[in-house]
Amino acid sequence: MSEPLPSSVEELAGLVIELRSANADLLEVIAGLQAQLAAQTAELAELKRRLGKDSSTSSKPPSSDPPYRKPERRSSRRSSGRNPGKQRGTPGSAMPLVDNPNETIICDPDSCAGCGADLSGAPVTGTARRQVTDVRPPPPPWVTEYRIITRACPCCAAHTPGDAPAGVTGRAQYGPCMLARAVQLLCGHYLPVARATGLMASMLGVSPSTGFMAGVRPRAARLLEQQFLPRVRELLRQVGVLHVDETPVRADGGLEYVHAASTEFLTAMHTGGRTKDDIDAGRVLPGYTGTIVRDGYAGYAHLIDAHHAWCGAHLIRDLAAFHRVDPEGQFWAAAMADTLTDAHHHAQAARAAGHDHLDPEVLTGIRRRYRGAFSAGISDNRSRAGPLAKDALTLACRFRNHEDMILRFVVDLAVPFTNNQSERDVRPAKIQQRTSGGCWRTLTGVADFAVVQSYLSTATKWGLDSLDVLTQLFTTGAWLPPAATPG
């Protein structure tokens, strides 16, 4: 049965007050639920952004991308319009025939395939050549014995031994070619000691101990520290543009960093922590006055004598991380990424045309688009709550505060858009760690690898064979780059 209606003004006024109070409580509950929903929405967006991070949206290496998830096509490169594979009209290639084979076997028919007649002495109408190239078991190792003759002087009875060749100091030892191949397997092909030892036995017919193999890398590193590293550091300090990067590696139960300073023709790596003192320990960057191309790590900020250029690839990955999570709310990130990409293409075209600077109008247009993008990012995210908006605001402010460093590549065309050179040079440290079970046993092992890899990387950039320069290292001494660049 329904309640009776109010019969007086007083009762009606009381009902109105009661309804207002209930409505206020309901509005408060609704406001609380809306705030909770907004917070959960922001938290969900942040979690999606973190879960969606991969090598295309962060500084994580490609090896960390999940193998079970097919990556989307996210490259900012523009299509060349060519089909994949061999291009129409280009010459083909095939395995060539050898003019002087080691063995020739004649395949001569005995009887006719049609009637069975004897073909002995029948005229030859054609000859087809087919060759099979194969390998044979390794020959026994070549052992050279030096017999050191000692003679007694008939006058004073002193005993004088003969002079052994340089480097022949032990009772039994391996020669420079053996040492070079061991170092090549360990540092050039990133094999663990045990696997490299087994490969030496199967490929060369020599069975060194694991102790010998473990001692080859530090032996090479000590030789390279004498002349090669000082020479490369000296040359690196002379160049106008220098790439630097650092990557963490696991060693001795903790984290160690491998630092690289490099150019197209030189590489110098060292290990340490991540402080400015560890960066300076490479003895290349302190006092350097050229342009340093790097990522956004603040540890390089103390190098005030040099100009700094921010890697564009890192910035585009950071922008993509926000835009893919919230395309409408973070539209400024797409605008900024397009601006950087277009600026890169303008710089490439200017270099190809032989220019040393961009057209002033083009440069003005780039700056106008750049400033409009970060201004939109700042204004859009200041009025929003949540971790996504907070981090996006931080990124937009970074573009505002470091405009000169980020746009260095369009002001100075000698500066590249990315820091890919240094990233490629430091990557072998990660490859070696992965093939060795995910970590290094000792910090010394990482340091020695960095020294030897500096040598191999530099020699390869000069077009030299790694085995040849390693053999030279153990024979007459390290190969030294003649200049910062060829020619």
**Prompt:** Any donor and acceptor pair, going by atom type alone, linking the side chain of T267 with main-chain N or O of S262 inside 3.5 Å?
**Reply:** no

**Residues T144, V168; criterion side chain to side chain contact (heavy atoms under 4.5 Å, CB included); working and verdict** = CA-CA 11 Å; T144 301; V168 181; over 6 Å; no

**Message:** Do H307 and V415 make a side-chain contact, defined as non-hydrogen atoms from C-beta onward lying under 4.5 Å apart?
**Reply:** no

**Pairs flagged by ring-ring contact (aromatic ring centres under 6.0 Å, His included) wherever residues 406-432 is involved - sequence neighbours left out** = H344-F417, F409-F417

**Request:** Could you tell me whether the side chain of F474 reaches within less than 4.5 Å of the side chain of M178, counting heavy atoms only?
**Result:** no

**Message:** Which heavy atom of M336 sits nearest to which heavy atom of A373, and what is that distance?
**Reply:** CE-CB, 3.7 Å

**L199 side, atom CG; R195 side, atom CZ - distance, nearest 0.5 Å** = 9.0 Å

**Request:** Please list, chain by chain and in numerical order, all residues satisfying side chain to side chain contact (heavy atoms under 4.5 Å, CB included) with P138, sequence neighbours excluded.
**Result:** none

**Prompt:** Roughly how far, to the nearest 0.5 Å, is the CG atom of D468 from the CD atom of Q472?
**Reply:** 9.0 Å

**Fill in**
Contacts of E256 meeting side chain to side chain donor-acceptor pair (under 3.5 Å) (sequence neighbours excluded), chain-then-number -> none

**Request:** Go through the steps to decide whether T247 and Y257 satisfy the test side chain to side chain contact (heavy atoms under 4.5 Å, CB included), and finish with yes or no.
**Result:** CA-CA 5 Å; T247 188; Y257 283 85; 6.0 Å; no

**Request:** Side-chain contact test, heavy atoms from C-beta onward, threshold under 4.5 Å: evaluate it for I279 versus V244 and give yes or no.
**Result:** no

**Prompt:** So, do L407 and R367 sit near enough that their side-chain heavy atoms are less than 4.5 Å apart?
**Reply:** yes

**Message:** E423: which residues meet the side chain to side chain donor-acceptor pair (under 3.5 Å) condition with it, sequence neighbours left out?
**Reply:** H314

**Request:** Quick one: pull up NE2 in H302 and CG in D277 and give me the separation to the nearest 0.5 Å.
**Result:** 7.5 Å

**Message:** For R408, is there any backbone N or O sitting under 3.5 Å from a side-chain donor or acceptor partner on D412?
**Reply:** no

**Prompt:** Does a sphere of radius 6.0 Å around CD in E361 hold more than 12 heavy atoms from other residues, nucleotides or ligands, not counting ones at 6.0 Å or beyond?
**Reply:** no

**Item:** Shortest non-hydrogen contact between G287 and D305, atoms and distance
**Value:** CA-OD2, 3.6 Å

**Prompt:** Where do L319 and A337 come nearest, in terms of heavy atoms and distance?
**Reply:** CD1-N, 3.6 Å

**Message:** Just to verify, what does R250 make a salt bridge (charged side-chain N to carboxylate O under 4.0 Å, His left out) with, not counting sequence neighbours?
**Reply:** none

**Message:** Using the rule given for side chain to side chain donor-acceptor pair (under 3.5 Å), can you reason through D338 versus T341, listing the C-alpha separation, both sets of side-chain angles and the distance that settles it, and then say yes or no?
**Reply:** CA-CA 5 Å; D338 290 341; T341 303; 5.4 Å; no

**OG on S379 to CH2 on W332, rounded to 0.5 Å** = 10.5 Å

**Asked** Any side-chain heavy atom of Y455 sitting closer than 4.5 Å to one from V183?
**Response** no

**salt bridge (charged side-chain N to carboxylate O under 4.0 Å, His left out) between K461 and D425, worked out** = CA-CA 11 Å; K461 290 176 178 180; D425 291 332; 2.9 Å; yes

**Message:** If you compare all heavy atoms of V293 against all heavy atoms of V241, which two are closest, and at what distance to 0.1 Å?
**Reply:** CG2-CG1, 3.7 Å

**Item:** Any side-chain donor near an acceptor of the partner, Q184 and S466, under 3.5 Å
**Value:** yes

**Message:** When you measure from the side chain of Y297 to the backbone of R274, do you find a donor-acceptor pair of N or O atoms at a distance under 3.5 Å?
**Reply:** yes

**Item:** For the student: nearest non-hydrogen atoms of L235 and A483, plus distance
**Value:** CD1-O, 3.5 Å

**Complete:** Residues at least two apart in sequence or cross-chain that pass side chain to side chain donor-acceptor pair (under 3.5 Å) with Y300, listed by chain then number, are E246

**Prompt:** Side chains of L204 and P141: does their closest heavy-atom pair fall under 4.5 Å?
**Reply:** no

**Item:** Chi angles and distances behind the side chain to side chain contact (heavy atoms under 4.5 Å, CB included) call for E264, T485
**Value:** CA-CA 8 Å; E264 184 181 356; T485 57; over 6 Å; no

**Message:** Ignoring hydrogens, what is the shortest heavy-atom contact between I316 and L340? Give both atom names and the distance.
**Reply:** CG1-CD1, 4.3 Å

**Item:** H270: ring pair (Phe, Tyr, Trp, His ring centres under 6.0 Å) partners, not counting sequence neighbours
**Value:** H259

**Item:** Within residues 186-217 or reaching into it, pairs that qualify as ring-ring contact (aromatic ring centres under 6.0 Å, His included) - sequence neighbours excluded
**Value:** Y174-F212

**Message:** Tell me if the NE2 atom of H323 is crowded by more than 12 foreign heavy atoms within 6.0 Å.
**Reply:** yes

**Request:** Write out all pairs satisfying side-chain hydrogen bond (donor to acceptor under 3.5 Å, both in side chains) with one or both partners inside residues 229-245, taking only residues at least two apart or from two chains.
**Result:** H243-N419

**Asked** Would V249 and T271 count as a side chain to side chain contact (heavy atoms under 4.5 Å, CB included) if you check the C-alpha gap in whole Å, the side-chain angles of each, and the deciding distance to 0.1 Å?
**Response** CA-CA 10 Å; V249 293; T271 59; over 6 Å; no

**Request:** Can you run down the side-chain hydrogen bond (donor to acceptor under 3.5 Å, both in side chains) pairs that involve residues 443-453, sequence neighbours left out, and say none if there aren't any?
**Result:** R222-D448

**Message:** Could you check whether any side-chain N or O of K390 sits under 3.5 Å from a backbone N or O of N381, counting only pairs where one atom can act as donor and the other as acceptor?
**Reply:** no

**Complete:** OG1 (T197) and CG (L185) are apart, to the nearest 0.5 Å, by 9.0 Å

**Message:** Just by distance, no angles: are the side chains of Q330 and D380 close enough, under 3.5 Å, to form a donor-acceptor pair?
**Reply:** no

**Message:** According to side chain to side chain donor-acceptor pair (under 3.5 Å), who are the partners of H308, at least two apart in sequence or on a separate chain?
**Reply:** R294

**Message:** Checking the side chain of R384 only, and the main-chain atoms of G329 only, is there a donor and an acceptor separated by less than 3.5 Å?
**Reply:** yes

**Message:** For the CZ atom on R441, are there more than 12 heavy atoms of other groups (residues, nucleotides or ligands in this structure) within a distance under 6.0 Å?
**Reply:** no

**Residues which pass side chain to side chain contact (heavy atoms under 4.5 Å, CB included) with C177, listed by chain and number, not counting sequence neighbours** = R181, T471

**Request:** Please answer whether the main-chain N or O of Q433 pairs with a side-chain N or O of S436 as donor and acceptor at a distance below 3.5 Å.
**Result:** no

**Asked** Can you find a heavy atom in the side chain of Y288 that is under 4.5 Å from one in the side chain of L236?
**Response** no

**Message:** Main chain of F265, side chain of W462: is a donor-acceptor contact present, judged purely on distance under 3.5 Å?
**Reply:** yes

**Prompt:** Heavy atoms, side chains only, cut-off 4.5 Å: are V452 and R217 in contact?
**Reply:** yes

**Spatial distance of atom CG (L303) from atom CG (D280) [nearest 0.5 Å]** = 6.0 Å

